[in-house]
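The structure presented is a predicted model; accordingly, all values stated were derived computationally and were not measured.
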Amino acid sequence: MGPCSPASKPAFFVRALIRRAEVAGAQAYVVRKGAEEAGAIFLKVSRLDGTCTVLNQARAGDGELVWARPLGDGVDDAKASAYFERQIKFDPDIWIVEIEDRKGRAFVDESIL
């Protein structure tokens, strides 16, 4: 696991992710703070053109931690917001981190499927 692995405590992962994005010249911030010790992490990667990619943690068939695109690639902000509202109803402990990067980088070590 790298220094930015979501398998560690979510609060630690989020702080490291935000720092990694900022060092690379992007902006990142917590939209919703979840449980410190647990809680799924969702990323909204905004390209600053009205489109974004939503990523959520998942496990591949071999158990490897990966990031999935539950809405596909290049959805609008309204669709992403509606998705997050549904996820919060399902699990109020989730974290949501928004990354603003014109290149659409997520700054995670794991594979994005």
Any donor and acceptor pair, going by atom type alone, linking the side chain of [X] with main-chain N or O of [Y] inside 3.5 Å?
X: Trp95; Y: Ala35; answer: yes
X: Gln57; Y: Ile41; answer: yes
X: Arg69; Y: Asp73; answer: no

About how many Å separate [atom2] of [Y] and [atom1] of [X], when rounded to the nearest 0.5 Å?
X: Glu98; Y: Cys52; atom1: CD; atom2: SG; result: 7.5 Å
X: Lys44; Y: Glu100; atom1: NZ; atom2: CD; result: 8.5 Å
X: Asp101; Y: Gln27; atom1: CG; atom2: CD; result: 10.0 Å
X: Glu36; Y: Lys9; atom1: CD; atom2: NZ; result: 9.0 Å

Within the structure provided, determine whether [X] and [Y] are in side-chain contact (heavy-atom separation under 4.5 Å).
X: Asp91; Y: Gln87; answer: no
X: Phe107; Y: Ile99; answer: yes
X: Ile96; Y: Ile88; answer: yes
X: Ile94; Y: Arg32; answer: yes
X: Arg102; Y: Arg47; answer: no
X: Val66; Y: Ile112; answer: no
X: Tyr83; Y: Asn56; answer: yes
X: Glu64; Y: Ser111; answer: yes

Test of understanding: clusters of I, L, V, M, F, W, Y form through side-chain heavy atoms closer than 4.5 Å, transitively. Do [X] and [Y] belong to the same one?
X: Val30; Y: Leu43; value: yes
X: Val14; Y: Val108; value: yes
X: Val97; Y: Phe13; value: yes
X: Leu48; Y: Tyr29; value: no
X: Val75; Y: Val45; value: no

Original post:
Which heavy atom in Ala38 sits nearest to a heavy atom in Pro10, and how many Å separate them?
Top reply: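 Answer, listing the atom of Ala38 first, then Pro10: O-CG, 3.4 Å.
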**OP:** Compare every heavy atom of Asp49 with every heavy atom of Thr51, then report the nearest pair and how far apart it is.
**Re:**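 Closest heavy-atom pair between Thr51 and Asp49: OG1-OD1, 2.5 Å.
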**OP:** Could you walk me through whether Asp93 and Glu37 pass the side chain to side chain contact (heavy atoms under 4.5 Å, CB included) test, one step at a time?
**Re:** CA-CA 10 Å; Asp93 290 331; Glu37 302 293 320; over 6 Å; no
